[in-house]
Engineer: 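Here it is, the structure in full.
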2 protein chains.
Amino acid sequence: MRAGRRIGRDSASTRQAILEATEQLMREEGYAAVSSRRVADRAGLKSQLVHYHFGTMDELFLAVYRRAEEDYLAQLLQALTAPQPISRLWKFSREADTGLVAEFIALAIHRKAVRDEIARSNDRVRAIQSAVLSKALTQAGISAEDLPAEVLAFLIAALSRTLVTETALGASAGHSALLAFVERRLLELEGGPRS
Amino acid sequence: MRAGRRIGRDSASTRQAILEATEQLMREEGYAAVSSRRVADRAGLKSQLVHYHFGTMDELFLAVYRRAEEDYLAQLLQALTAPQPISRLWKFSREADTGLVAEFIALAIHRKAVRDEIARSNDRVRAIQSAVLSKALTQAGISAEDLPAEVLAFLIAALSRTLVTETALGASAGHSALLAFVERRLLELEGGPRS
DNA sequence: GTCTATAGGCCGATAGAC
DNA sequence: GTCTATCGGCCTATAGAC
């Protein structure tokens, strides 16, 4: 059906430029710094074009989110299908749960129009992770009573997000100790190179 | 020295009203919804009074933070000096790490003027918790190699904050399982009523 | 300490020409 | 699809009267 995807064929590059400028602004200055005027300036366009292509700012934010989510899911699936998926997920989450994720969560909490979609996305990602972790834990000889997969998935998300947030804040109390602690537990779970 | 604290004696109630209105707005709609006009409206005042009493909005935010931090620290010390301080800290954190804390962290990440103070406050609280948890862990027969106190303090902060954030978002994947998991671990650490 | 008045600026969004 | 023009609104902050 790729051939049928012709809507806005000429505007593709403009749309891309707007999406890219918006994502950059969110990363650098947070969602509150995003305005149609600032986005347009950064993309070398007029602000009215932002509204022409995306309507409201909420729809623009959602378009940026959907684009970022695609990449995120593709990389997540790659990490989860590799050997030692638990360690891979920990590594992936520490790299992928960046300030952008934090901005979207903060945005979603205060904007009805984007909240539902981001909340569902959050739970959906967690479910995918839990399904894969469940098999990995069984293989590692860990029962669901000792460590449910959904608990492990929550732990990984909570720790990586908090590390990112506090680092952005300039706070680092306990970070290195936590990293050492987690690495050690992961080694116990999945061991070193396959024996 | 209480008698010497006379500066702004007549303005005390106005200042309090402004602080209270600001905190309310932050809780209900987030820091981005706070403006001198909206704060003043809620307090039944003119917006210029906000600037007269606090100068810039950043100083207003810091004043609200310092007031909230006082309460927070008082309650934290109470929790940490009770029997079974680990369970108490978990309970306290789940109650005290509210949306207000999340708003201040988000605010601090994007406002230079408040970042340093909130980052230092965050690390200072973590250090207090670690010191007390260290003794509690030793008493429970847990060595620092098995579970360093600063790691436990980080875990408690990360989990309670993530629970609060995701709940505000409307996401709940793994929440109940996580709560059950943590409660069980806490029972193992500190047991039931003192034997 | 509180008021009125105001400067100077950024915002979302739309209308209509081309 | 992109432009110019513009409406109506909210913002921080200051000056000066009382």
Side-chain angles (χ1 to χ4, degrees), chain A residues 5-26 28-65 103 106-108 110-115, chain B residues 5-26 28-65 103 106-108 110-115:
Chain A
R5 221 170 171 289
R6 287 290 202 95
I7 299 158
R9 63 193 185 283
D10 287 345
S11 65
S13 76
T14 298
R15 285 180 61 96
Q16 280 300 312
I18 292 171
L19 292 173
E20 188 58 36
T22 306
E23 186 175 317
Q24 277 180 25
L25 265 176
M26 288 185 76
E28 295 170 16
E29 306 186 42
Y31 75 89
V34 173
S35 71
S36 53
R37 281 172 168 80
R38 293 203 62 193
V39 166
D41 279 355
R42 185 169 285 229
L45 305 166
K46 300 292 177 180
S47 71
Q48 295 90 329
L49 272 186
V50 175
H51 294 291
Y52 172 78
H53 284 287
F54 295 97
T56 67
M57 295 304 290
D58 283 338
E59 290 171 280
L60 170 59
F61 281 125
L62 278 176
V64 173
Y65 184 80
E103 289 301 322
L107 173 73
H110 297 297
R111 296 237 198 168
K112 224 171 54 109
V114 303
R115 186 163 56 228
Chain B
R5 218 167 173 291
R6 286 289 204 94
I7 300 158
R9 64 195 186 284
D10 287 346
S11 64
S13 76
T14 298
R15 284 180 60 96
Q16 281 300 313
I18 292 171
L19 292 173
E20 188 58 36
T22 305
E23 186 175 317
Q24 278 180 27
L25 265 177
M26 288 184 75
E28 294 170 15
E29 305 185 41
Y31 75 89
V34 173
S35 70
S36 52
R37 281 173 164 81
R38 294 202 61 192
V39 166
D41 279 354
R42 187 170 285 229
L45 304 165
K46 299 292 178 180
S47 70
Q48 294 90 332
L49 272 186
V50 174
H51 294 291
Y52 173 78
H53 285 286
F54 295 96
T56 68
M57 296 304 290
D58 283 340
E59 290 171 280
L60 170 59
F61 281 125
L62 278 176
V64 172
Y65 185 79
E103 289 302 323
L107 173 71
H110 297 297
R111 297 237 198 168
K112 227 172 53 114
V114 304
R115 186 165 54 226

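Just so it is clear, the structure is predicted and the values come from calculations on it, not from any experiment. Lettering of chains follows the sequences in order, A, B, ..., and the numbering in each one begins at 1.
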Engineer: Could you go step by step and tell me if B:Val34 and B:Phe61 meet the side chain to side chain contact (heavy atoms under 4.5 Å, CB included) rule?
Structural biologist: CA-CA 9 Å; B:Val34 173; B:Phe61 281 125; 3.8 Å; yes
Engineer: Let me know the distance between NE2 of B:His51 and C1' of C:dG8, rounded to the nearest Å.
Structural biologist: 14 Å
Engineer: Between atom CE in B:Met57 and atom C1' in C:dG9, what is the gap in whole Å?
Structural biologist: 16 Å
Engineer: Do the non-hydrogen side-chain atoms of B:Val114 and B:Tyr65 ever get within less than 4.5 Å of each other?
Structural biologist: no
Engineer: From CG of A:Leu25 over to P of C:dC10, roughly how many Å is that when rounded to an integer?
Structural biologist: 15 Å
Engineer: Could you give the CG-to-C1' distance, from A:Leu45 to D:dG1, as a whole number of Å?
Structural biologist: 11 Å
Engineer: More 5' along DNA chain C: A:Gln48 or B:Lys46, using each one's nearest nucleotide?
Structural biologist: B:Lys46
Engineer: Which nucleotide sits closest to the side chain of A:His53: D:dT14, D:dT2, C:dA13?
Structural biologist: D:dT2
Engineer: Counting just side-chain N and O atoms, does A:Ser35 come under 4.0 Å of either OP1 or OP2 of C:dC10?
Structural biologist: no
Engineer: Would you mind telling me which of D:dT4, C:dC11, D:dT2 lies closest to the side-chain atoms of A:Tyr52?
Structural biologist: D:dT2
Engineer: CZ of A:Phe54 versus P of C:dT14: gap in Å, rounded?
Structural biologist: 16 Å
Engineer: Within the structure shown, what part of the strands sits under 4.0 Å from A:Ser47 by heavy-atom distance: base, sugar-phosphate, or nothing?
Structural biologist: nothing
Engineer: Please state how far atom CG in A:Asp41 lies from atom C1' in C:dG12, giving the value in whole angstrom units.
Structural biologist: 15 Å
Engineer: Name the residue closer to the 5' end of DNA chain D, choosing between A:Leu49 and A:Arg37 according to the nucleotide with the nearest heavy atom.
Structural biologist: A:Leu49
Engineer: Which heavy-atom pair separates B:His53 from B:Arg15 by the least distance, and what is that distance?
Structural biologist: O-NH1, 3.3 Å
Engineer: Side chains of B:Ile18 and B:Leu60: closer than 4.5 Å at any heavy-atom pair?
Structural biologist: yes
Engineer: A:Ser36 side chain N/O closer than 4.0 Å to the phosphate oxygens (OP1, OP2) of C:dG12?
Structural biologist: yes
